[in-house]
There are 2 protein chains.
Amino acid sequence: MSRTTLQQIALSLDISVTTVSKALRSYPDVSKKTIEKVKAAAELLNYKPNTFAVNLRTQESKTIGLVIPEIVHQFFSSVVKGVIEEAEKNGYTVIVLQSSQNTEIEKKRIEFLINKQVDGILIALADDTVEYYHLFEAQAIDLPIVMFDKIGKTVPCSKVIIDDLRAGYEATKHLIDCGCTKIAHFRGPLTSQNSIDRYHGYKKALEEYNLEFDESNVYHCKEMSFEIGKENARKLLNHRNGVDGIFVNTDMIAVGAITELKEHGINIPEDIRIIGFGNWFLSSVITPSLSTVEQPSYTMGKIAFNTLFSELNKHKENQHVEHETIILPTEIIARESTLA
Amino acid sequence: MSRTTLQQIALSLDISVTTVSKALRSYPDVSKKTIEKVKAAAELLNYKPNTFAVNLRTQESKTIGLVIPEIVHQFFSSVVKGVIEEAEKNGYTVIVLQSSQNTEIEKKRIEFLINKQVDGILIALADDTVEYYHLFEAQAIDLPIVMFDKIGKTVPCSKVIIDDLRAGYEATKHLIDCGCTKIAHFRGPLTSQNSIDRYHGYKKALEEYNLEFDESNVYHCKEMSFEIGKENARKLLNHRNGVDGIFVNTDMIAVGAITELKEHGINIPEDIRIIGFGNWFLSSVITPSLSTVEQPSYTMGKIAFNTLFSELNKHKENQHVEHETIILPTEIIARESTLA
DNA sequence: CTGAAAGCGCTTACAG
DNA sequence: CTGAAAGCGCTTACAG
């Protein structure tokens with residue numbers, strides 16, 4: 001059984017395809033009577049517009065691309081959920097792709113989306129992405145891009161982010177408030193804007209409270225994994241340096257660190273207090289439960305989609321698009337790992 | 001800058017569009033020289049086929065739909081990852097949609113995919129789906145469907161699953177092997193095939209080892225959440241009934257149960273042993289770490305895609321499609337929560 | 001080996 | 001208010 005076409009409706013009513021097409025979309029220059037008649041016939045014949053033909057004719061796909069570093073990831077999967085739900089409400093389809101934190105793969109994904117002729121792109125950059133030529137290429141053919149979470153500061157596009165510097169500052173301040181005087185930091189990749197800003201926030205808090213900043217208390221995590229957390233906790237124990245608090249770039253690493261520290265008989269929070277970042281679910285159920293920074297993910301996805309959606313619409317009407325940077329709030333969640 | 005078309009290549013080489021089209025796809029009836037010439041020109045002009053036109057002409061989209069109950073979910077997000085990676089390798093695009101464990105939403109998602117004209121559908125059913133008319137509708141227009149994990153036994157299509165009955169049996173047997181004699185079960189929804197089969201596995205193990213089966217030791221979890229785990233653990237404590245072991249339908253609920261039991265001063269595994277299902281990451285880091293059943297997710301996604309892919313190809317060549325049911329292995333992971 | 005023509009199913013500018 | 005015609009950019013059956 002093949003799909004009903006406009007042609008078939010036209011034939012059945014003995015009117016033209018043109019009129020059917022216009023009637024179905026309630027064009028004002030079609031008579032009410034015809035509109036009703038056509039819509040009834042369409043209903044009866046179970047007519048569904050052929051997407052392929054509509055796409056070709058209108059040169060838009062009502063589809064957007066969403067590129068994230070990882071799918072199996074509490075934060076990013078929540079973003080995906082927010083994007084998909086919002087897209088659905090507005091008649092858009094989402095193609096989800098992952099870059100696996102690799103800038104080369106990211107380039108391929110962008111190229112794929114360009115070839116697929118999506119209407120716009122939502123992206124959280126891979127941590128090692130420092131050049132944006134692939135994005136500029138998309139922009140050169142008028143493809144709107146909106147970045148979220150992992151952004152490139154110099155890319156001229158709208159952005160949906162949190163204030164990582166401030167959040168890093170507050171996480172560190174929280175440790176200070178709990179009595180820590182020698183605070184280490186497990187930072188993320190050197191090229192990730194998130195991790196750069198959180199690091200700056202950490203430094204700023206130390207400065208402001210006249211605590212010594214010592215580069216050797218900053219541990220560098222190339223990767224956001226449990227194992228890396230354990231590894232760096234081991235390193236820290238080898239040069240403990242009197243450390244009594246750690247601000248960790250992300251919850252998963254903090255959970256690894258806690259596990260390792262416990263294995264070495266360190267008491268948390270008595271010996272070392274720890275605060276993570278992201279408020280992943282698992283942080284609330286481990287022992288001790290992990291203090292962290294709550295960061296919007298689902299909402300970020302929704303807002304990112306809506307930002308892109310509004311640019312898409314302005315674009316269609318040839319209106320000027322003003323890029324905006326939306327900053328979402330974060331919040332310190334105090335749990336057992338930083339009990340005063 | 002608009003995209004290069006076949007027309008433009010043809011014009012630039014002073015040959016026909018037909019020949020360009022055939023040359024680009026290396027048709028044997030085009031001379032080698034022409035093929036080279038055309039490909040060089042295409043490269044030079046950065047030609048990319050217009051997907052919309054190709055779709056309309058070939059009546060296929062090289063796109064499949066993937067419907068899952070939840071995206072923010074360790075198991076399903078891993079499946080998504082497997083599907084997307086495999087699709088990418090084979091030139092397919094994936095539209096991911098979620099049913100939110102609601103059969104009405106699931107119907108809408110399927111309808112959406114039909115309208116979008118995907119080439120095939122991969123689905124894990126919502127737990128409350130007991131009628132399959134929406135799927136039959138897709139099949140009626142020759143849309144291949146492959147089910148995975150959450151299936152409907154009576155739907156005539158290929159399936160990729162685990163042996164839930166056997167896995168449930170082995171999980172229960174593991175508790176018995178650890179010395180448990182009064183084993184409760186936290187089961188999932190009554191209409192979910194997974195949960196039905198795991199329940200039967202539980203019963204079978206009790207029978208086989210001559211342990212009393214008591215319906216009042218079966219707790220019904222309508223929803224796969226942490227809170228429901230806590231709630232049912234509370235219920236169990238009210239009618240403990242001598243229970244010294246619990247087989248829980250899924251890790252998330254088991255983690256909730258452990259948390260609640262600990263809060264009530266129950267020692268795990270000394271007082272009650274617990275085994276979950278799914279081997280979620282968090283199960284390995286909570287205290288005590290949770291014994292569980294390892295279940296393939298990423299691999300299941302890959303295999304599900306490949307099964308659909310091969311049906312798609314057979315379909316194109318008008319070959320008969322034989323439905324198959326692929327059963328993937330599971331494995332007991334013994335951790336602290338069931339130490340003997 | 002090459003190409004003219006038809007057609008996939010729509011939308012829209014234009015004529016009446 | 002209605003409709004004939006062109007065209008979006010391809011692919012393919014057919015002719016030469």
Side-chain angles (χ1 to χ4, degrees), chain A residues 1-39 41-42 45-63 91 114-117 119 141 316-318, chain B residues 1-39 41-42 45-63 91 114-117 119 141 316-318:
Chain A
M1 189 195 68
S2 68
R3 302 169 66 100
T4 302
T5 62
L6 289 187
Q7 166 99 270
Q8 286 165 28
I9 299 178
L11 234 51
S12 83
L13 297 174
D14 202 25
I15 56 176
S16 75
V17 169
T18 303
T19 303
V20 173
S21 171
K22 289 199 278 197
L24 281 175
R25 282 166 303 136
S26 304
Y27 266 43
D29 67 345
V30 181
S31 75
K32 259 203 164 153
K33 223 171 129 184
T34 308
I35 291 185
E36 275 167 26
K37 197 170 65 176
V38 169
K39 286 193 175 168
L45 297 170
N46 191 27
Y47 171 75
K48 309 284 177 198
N50 184 311
T51 322
F52 305 152
V54 175
N55 288 350
L56 177 59
R57 185 53 231 244
T58 59
Q59 292 297 339
E60 56 168 30
S61 55
K62 290 275 187 182
T63 297
I114 292 175
N115 289 343
K116 265 282 165 182
Q117 291 161 281
D119 296 340
I141 56 169
K316 259 189 249 174
E317 295 166 17
N318 286 314
Chain B
M1 192 192 68
S2 68
R3 302 168 66 103
T4 303
T5 63
L6 288 188
Q7 165 99 272
Q8 285 165 29
I9 299 179
L11 234 52
S12 81
L13 297 174
D14 203 26
I15 57 177
S16 77
V17 168
T18 304
T19 303
V20 174
S21 171
K22 290 200 277 198
L24 282 175
R25 280 165 304 136
S26 305
Y27 266 43
D29 67 346
V30 181
S31 75
K32 259 206 165 146
K33 224 172 128 184
T34 307
I35 291 185
E36 276 168 24
K37 201 170 62 175
V38 169
K39 287 194 172 167
L45 297 171
N46 191 29
Y47 172 75
K48 310 282 179 200
N50 183 312
T51 322
F52 305 152
V54 174
N55 288 350
L56 177 60
R57 187 52 233 242
T58 60
Q59 291 298 340
E60 56 169 29
S61 55
K62 290 274 188 183
T63 298
I114 292 175
N115 288 343
K116 265 283 164 183
Q117 290 161 282
D119 296 341
I141 55 168
K316 258 188 252 178
E317 294 165 17
N318 286 314

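This structure is a prediction, so every number in the text was calculated from the model and none was measured. Only this structure's heavy atoms are used, side chains among them; waters, hydrogens and symmetry mates stay out. Chain identifiers are assigned alphabetically (A, B, ...) following the order of the sequence lines, protein sequences preceding nucleic acid strands; residue numbering begins at 1 within each chain.
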How many Å lie between CD on B:Gln117 and P on C:dG9, as a whole number? 9 Å
Quick check for you: to the nearest 0.5 Å, what is the distance between B:Leu56 atom CG and B:Gln117 atom CD? 9.0 Å
Taking only side-chain N and O atoms of A:Arg3, does any of them lie within less than 4.0 angstrom of OP1 or OP2 on C:dC8? no
Would you find a donor on one side and an acceptor on the other, under 3.5 Å apart, between the side chain of A:Thr18 and the backbone of A:Ser16? no
Tell me if the CD atom of B:Gln59 is crowded by more than 12 foreign heavy atoms within 6.0 Å. yes
Any side-chain N or O of A:Tyr27 less than 4.0 Å from the OP1 or OP2 oxygen of D:dC1? no
Rounded to the nearest angstrom, tell me the gap between atom NZ in B:Lys22 and atom P in D:dC10. 16 Å
Considering heavy-atom distances to DNA chain C, does B:Gln59 or B:Ile15 have its closest nucleotide positioned more toward the 5' end? B:Ile15
Yes or no on side chain to side chain contact (heavy atoms under 4.5 Å, CB included) for B:Lys39 and B:Ser26, after CA distance, side-chain angles and deciding distance? CA-CA 9 Å; B:Lys39 287 194 172 167; B:Ser26 305; 2.7 Å; yes
With a cut-off of less than 4.0 Å, is there a side-chain N or O of B:Ser31 near OP1 or OP2 of C:dT2? yes
Quickly work out the B:Leu13 CG to C:dG3 C1' distance and round it to whole Å. 15 Å
Given Watson-Crick and G-U pairs under 3.5 Å, DNA chain D in dot-bracket ([ ] crossing, | other strand) is |||.||||||||.|||
Nearest nucleotide by nearest heavy atom, which residue falls closer to the 5' end of DNA chain C, B:Leu56 or B:Val17? B:Val17
Trace of the side chain to side chain donor-acceptor pair (under 3.5 Å) decision for B:Lys62 with B:Thr51: CA-CA 10 Å; B:Lys62 290 274 188 183; B:Thr51 322; over 6 Å; no
Can you measure B:Phe52 atom CZ to C:dG7 atom C1' for me and round it to whole angstrom units? 20 Å
Rounded to whole angstrom units, what separation is found between the CG atom of B:Leu6 and the C1' atom of D:dG7? 15 Å
I need the NZ-P distance between A:Lys62 and C:dC10, as an integer number of Å. 17 Å
Closest heavy-atom pair, B:Arg3 versus A:Asn115, reported as atoms and distance to 0.1 Å, is NH2-O, 4.1 Å
Measure the distance from CG on A:Asp14 to P on D:dA4 and round it to the nearest whole Å. 10 Å
Could a donor-acceptor pair under 3.5 angstrom be found where the side chain of A:Ser16 meets the base of D:dA4? no
Take the protein atom CD of B:Gln7 and the nucleotide atom P of D:dC8, then report the distance between them rounded to whole Å. 8 Å
Mind running side chain to side chain contact (heavy atoms under 4.5 Å, CB included) on B:Thr19 and B:Leu13 for me, showing each step along the way? CA-CA 11 Å; B:Thr19 303; B:Leu13 297 174; over 6 Å; no
Side-chain N or O of B:Thr5 less than 4.0 angstrom from OP1 or OP2 on D:dG9? no
Examine D:dA4: is either OP1 or OP2 under 4.0 Å from a nitrogen or oxygen in the side chain of A:Thr18? Give yes or no. no
Heavy-atom donor-acceptor pair, A:Thr4 side chain to A:Leu45 backbone, under 3.5 Å: yes
Using a cut-off of 4.0 Å on non-hydrogen atoms, how would the nucleic acid contact of A:Asn50 be classed: base, sugar-phosphate, or nothing? sugar-phosphate
Any A:Arg25 side-chain nitrogen or oxygen under 4.0 Å from OP1 or OP2 of C:dC10: no
May I ask you to verify if any side-chain N or O of A:Thr34 is less than 4.0 angstrom from the OP1 or OP2 atom of D:dT2? yes
